[in-house]
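Working notes, beginning with the structure itself.
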2 protein chains.
Amino acid sequence: MPAVSDCTKMLDSETKAVETPEDHAEELRLWLRLLTCTTLVEGEVRGRLRQRFDVTLPRFDLMAQLDKAPDGMTLSDVSKRMMVSNGNVTGLVERLVESGHLDRRTSETDRRVQVIRLTKLGRAEFRRMAAEHETWIADLFAELTPKDVRELMRLLAKTKASAQKSAARRRS
Amino acid sequence: MPAVSDCTKMLDSETKAVETPEDHAEELRLWLRLLTCTTLVEGEVRGRLRQRFDVTLPRFDLMAQLDKAPDGMTLSDVSKRMMVSNGNVTGLVERLVESGHLDRRTSETDRRVQVIRLTKLGRAEFRRMAAEHETWIADLFAELTPKDVRELMRLLAKTKASAQKSAARRRS
DNA sequence: GGAAAACATTTTAGGCTTAAAACAATTCGG
DNA sequence: CCGAATTGTTTTAAGCCTAAAATGTTTTCC
C-alpha cells in the first residue's frame, strides 16, 4: 500500500512542477473542521428543540421556511430552499399537516402544485420556538467577536460560491 | 404579529442598556450560512461517492476513522469520533462486516468491548476512494486562497471551542 | 464477596433521508 | 391540436439516525 502522505513533489524535467500529485491535506482538514462545527451546533440545537418543545429539527427548519413566506410555498420551493429531496418534503409536510401546524391545498391554477402555509397554531408555535432558538445560537457562538462573525460570513460566502461552481461544473 | 427585526435598543432609564432583548440576527445568519456550506459539500461528496464507488457517506466516514487506527477501535471510540449515537454505529458496522470491509472481534480482556478493524479489502478500497475524495474536496474549495483556508481554520477552531463550551454549560 | 454503579453494546420504535421510479398535469413544438 | 418533453409530487426500497430502554460485563466500594 502506497504511503500517500510520503510522496514528494515530482518536478517536471523541463519546466517547473507539472503533473504533481498535489497535496490537498489543508483543504481536507478544513472540510473536516467545517463538518465538526456544523455537527456540533446541529446536535445541540436538535437536542434543545426536542427537550424544550418536543419538536424535531427538520420540522423546525420547514416551519422556518414557511414563516418567511406568508403567502405559502410549493413543495418544490421548500425542497430547493432546504436542499433536501422532494420525497423528504412530502413526508415532513404530511406529519406537520397531521399535527395541525401546516395547511396544504392544491393550487387553483396548476393542479400539480401543492401550496403549504403555516396555520395560526403553526405560526404561533414557531415564533415561540424561534425566539428561544435565537438565544441558543447566540450562546453557541458567544466566543466569536463581531469581527469574527463578519469575517466568517465573508469567507463562508466565498466557500459557498466555490462549492456551487464546483457542483455546477460536475453537472455540466 | 410583532416585527421583531424592527425593535430598537431599549435603554434602561437609569444606567445603560439593561434587559435589552438582544439582537442576534448576525449569529443566526452565520449559522445558516455555515449549514448551507456543509450541506452543499456533503451532498456533493455523497453523490460522487455513490456514483463512483457505490458507497454511502457514513460508510466512507467510518472507514476513514478506521484507516487512521491500524490497531482497531472500539465501537464507542468510533461513536465519539464520528459524533453519532451508539446504535447508529452498531448498524453501520454490521453492514460493513457483512460486505467484507470490516473485521469485528470481542476484546480478549474485556468481553463488553467489540474491536473493529478494516480488512485488507476494506483498507484497499478505502485508500482508492480516499485519493479521489481528496481531489473532490480540493475542487470544491478551489476558489479559496491558502490564506482564506488558514483564516477559516482559525475561525472555525474558535467556533468549535465556543460551541463545545456552550454545550458543556448546558450539560452541567 | 456482593450489591451497586458504571460501562459497552444492542435493541426498539419512530422519524429522517435519499435515489429512482411512477404518476399526474402542464407546456411546447410541430 | 396532439404527442413529447417538462414539471411537480408521491411512492418505493433501502439505509441512516436518534433517544431510550434493555442486556451483559466490569469496576467500585463497602
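Values below: every heavy atom of this structure, side chains too, minus hydrogens, waters and symmetry copies.
Rounded to an integer number of Å, the gap from A:Asn86 CG to C:dA24 P is 17 Å. Between A:Arg95 atom CZ and C:dG14 atom P the separation is 13 Å, expressed in whole Å. Look at CG on A:Leu62: it is 14 Å from C1' on C:dT17, rounded to the nearest Å. In this structure, CZ of A:Arg112 is placed 13 Å from C1' of C:dC23, rounded to the nearest angstrom. Between the CD atom of B:Gln114 and the P atom of C:dC7 there is a distance of 19 Å, given to the nearest Å. Between the CZ atom of B:Arg46 and the C1' atom of C:dA20 there is a distance of 16 Å, given to the nearest Å. Put simply, CG on A:Leu49 is 15 Å from C1' on C:dC16, counting in whole angstrom units. Rounded to whole Å, atom C1' of C:dC16 lies 13 Å from atom CG of A:Leu96.
Looking at which nucleotide of DNA chain C each of B:Gly87 and B:Lys80 is closest to, the 5′-most match is held by B:Lys80. Ranked by how close their nearest DNA chain D nucleotide is to the 5' end, A:Val113 and B:Met82 are led by A:Val113. Toward the 5' end of DNA chain C, the nearer of the two residues A:Thr109 and B:Thr90, judged by each one's closest nucleotide, is B:Thr90.
Side-chain nitrogen and oxygen atoms of A:Thr56 include at least one within less than 4.0 Å of the OP1 or OP2 phosphate oxygen of C:dC16. OP1 or OP2 of C:dA20 has at least one side-chain nitrogen or oxygen of B:Arg50 nearer than 4.0 Å. Neither OP1 nor OP2 of C:dC16 sits under 4.0 Å from any side-chain N or O of A:Asn88. For C:dT27, the OP1/OP2 oxygens have no side-chain nitrogen or oxygen of A:Arg111 closer than 4.0 Å.
Around the NZ atom of A:Lys160, the shell of radius 6.0 Å holds no more than 12 heavy atoms that belong to other residues, nucleotides or ligands.
Counting non-hydrogen atoms under 4.0 angstrom, B:Ser85 reaches a base of the nucleic acid. Nucleic acid contact class of B:Ser79 (heavy atoms, under 4.0 Å, all strands): none. B:Leu92 comes within contact range of the sugar-phosphate backbone alone, with a heavy-atom separation under 4.0 Å but no base atom that close. Counting non-hydrogen atoms under 4.0 angstrom, B:Asp110 reaches the backbone sugars and phosphates but no base.
Ionic pairing of A:Arg29 and A:Glu26 is present here: one or more N-O contacts between side-chain nitrogen and carboxylate oxygen are shorter than 4.0 angstrom. A salt bridge links A:Glu44 with A:Arg48: the closest approach of a Lys/Arg side-chain nitrogen to an acidic carboxylate oxygen falls below 4.0 angstrom. Ion pair A:Asp139/B:Arg169 flagged as a salt bridge, since at least one NZ, NE, NH1 or NH2 atom sits closer than 4.0 Å to an Asp/Glu carboxylate oxygen.
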**OP:** Take B:Arg81 and B:Met73 through the side chain to side chain contact (heavy atoms under 4.5 Å, CB included) test and state the conclusion after the steps.
**Re:** CA-CA 10 Å; B:Arg81 282 299 194 87; B:Met73 297 174 81; 3.9 Å; yes
Original post:
A:Leu92 and A:Asp61: side chain to side chain contact (heavy atoms under 4.5 Å, CB included), yes or no, with the steps?
Top reply: CA-CA 10 Å; A:Leu92 221 36; A:Asp61 285 344; over 6 Å; no
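Of all nucleotides in DNA chain D, those with any atom nearer than 4.0 Å to a heavy atom of chain A start and finish, going 5' to 3', at D:dT7 to D:dA20.
A continuous path of hydrophobic side-chain contacts links B:Phe53 to B:Val41 [ILVMFWY only; heavy atoms under 4.5 Å].
Atoms CH2 and OG1, from A:Trp31 and A:Thr159 in turn, are 11.0 Å apart once rounded to the nearest 0.5 Å.
Of the residues in residues 31-44 of chain B, none has a non-hydrogen atom less than 4.0 angstrom from any atom of DNA chain D.
Taking a 4.5 Å side-chain heavy-atom cut-off between Ile, Leu, Val, Met, Phe, Trp and Tyr, the cluster of B:Met83 extends to A:Leu40.
Defined by atom type and a distance below 3.5 Å, a donor-acceptor pair is present between the side-chain atoms of A:Ser79 and A:Asn86.
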